[in-house]
Amino acid sequence: MPTNMDTDTASPTPPSADFARLRCLHARAVRDSVALVRRITPDDLLRPTPCAAWTLTELLAHMTAQHHGFAAAALGRGQDLSHWTVGPLGADPYVQYRDAAERVIAAFATVDRPDRPLALPQFSRTRTFPAARALGFHLIDYLVHSWDVARTLGLPYAPAPELLRAALPIAHAVPDDDSRLAPGSAFGPGLSTDHHAGTLEQILAALGRSPDWRPPAAPGASGAV
């Protein structure tokens with residue numbers, strides 16, 4: 001092994017720096033979802049979503065609960081299943097969701113190292129996960145669910161390029177196994193894409209979303225949605 005290094009050669013990025021960057025991207029993905037949830041009106045809550053068999057109410061309740069669960073995990077309390085329970089939406093679903101989103105961002109800010117073990121019982125009851133991997137799980141969940149909400153409402157969604165670049169390998173690392181066929185699974189089996197697909201489309205397809213999904217037309221409506 002050489003004992004000297006070319007001064008023009010960049011040193012590897014320390015894991016702590018990678019983790020700090022991932023936390024920033026995670027916060028951006030979560031706050032993007034908050035901005036979209038703010039656009040939901042009471043009349044929207046029964047709309048169908050790209051999540052099979054979930055209305056927007058059910059999707060929003062799932063998203064809120066996952067914030068609570070991952071926040072508990074980051075704070076060392078993830079093994080308690082009560083933190084992951086999906087409950088009913090309150091009188092102001094947006095405020096409820098916003099507060100849960102800020103809670104999970106703040107909780108991950110307390111994690112001192114990327115390899116700190118976190119309990120994620122929805123993924124495994126017998127093992128823990130490094131904090132960086134748990135953070136990646138949550139990031140990809142909210143990037144895709146932001147698209148779900150945007151597509152349900154007919155709104156644009158254009159994540160930052162650096163967020164998409166970070167999310168693509170995470171999406172491909174999510175196991176594509178029989179767990180995706182279970183009732184209530186947030187992701188369906190992966191779909192194929194062509195070589196022209198953009199990064200967001202590749203992420204969506206890897207997690208079982210058709211980038212071409214559109215809300216079904218209302219009964220009696222004419223023309224395209």
Would you say that [X] contacts [Y] through its side chain, given a criterion of any heavy-atom pair below 4.5 Å between the two side chains?
X    : Y    : answer
L191 : S210 : yes
D18  : P114 : no
L153 : L56  : yes
Y142 : W147 : no
V30  : H138 : yes

List in chain and number order the residues that pass side chain to side chain contact (heavy atoms under 4.5 Å, CB included) with [X], two or more places apart in sequence or in another chain; answer none if no residue qualifies.
X    : result
Q122 : Q66, W84
S124 : T126, R127, F129
A131 : F19, V111, R116, L118
A167 : L139, I140, L143, I203

Hey, is the main chain of [Y] close enough, under 3.5 Å, to the side chain of [X] for a donor-acceptor pair?
X    : Y    : answer
Q96  : G90  : yes
E201 : T193 : no
R151 : P215 : no

Test side-chain hydrogen bond (donor to acceptor under 3.5 Å, both in side chains) applied to [X] - qualifying residues, sequence neighbours left out:
X    : value
R113 : D115
R28  : E162
T55  : E58
T110 : none

Check the orientation of F108 and F70. Use parallel for under 30°, tilted for 30 to 60°, and perpendicular for over 60°.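 Aromatic pair F108/F70 classed tilted.
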Hey, can you tell me if H145 and H62 have their rings parallel, tilted or perpendicular (30° and 60° cut-offs)?
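The rings of H145 and H62 stand perpendicular, inter-plane angle above 60°.
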Between T41 and D43, a side-chain donor and acceptor under 3.5 Å: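 Their side chains do not contain a donor-acceptor pair, so the 3.5 Å distance test is not met.
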* To do: Among residues two or more places apart or on two chains, list those pairs meeting ring-ring contact (aromatic ring centres under 6.0 Å, His included) that have a residue in residues 33-53.
  =>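 Listed once each, the pairs would be none.
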Contact list for residues 81-107, test salt bridge (charged side-chain N to carboxylate O under 4.0 Å, His left out), sequence neighbours left out:
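Qualifying pairs: R31-E102.
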Validation: residues 45-53 side-chain donor-acceptor distances under 3.5 Å, sequence neighbours left out:
from : atom 1 : to   : atom 2 : distance (Å)
R47  : NE     : D44  : OD1    : 2.8
R47  : NH1    : T152 : O      : 3.3
R47  : NH2    : D44  : OD1    : 3.3
T49  : OG1    : C51  : N      : 3.1
T49  : OG1    : C51  : O      : 3.3
T49  : OG1    : W54  : O      : 2.9

* **Counterpart residues, ring-ring contact (aromatic ring centres under 6.0 Å, His included), relative to Y97 (two or more places apart)** =>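 Once residues adjacent in sequence are excluded, the partners of Y97 under the ring-ring contact (aromatic ring centres under 6.0 Å, His included) criterion are H67.
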Check for me, please, whether V86 and L89 land in the same ILVMFWY cluster - side-chain distances under 4.5 Å, paths through other members count.
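Cluster IDs for V86 and L89 differ.
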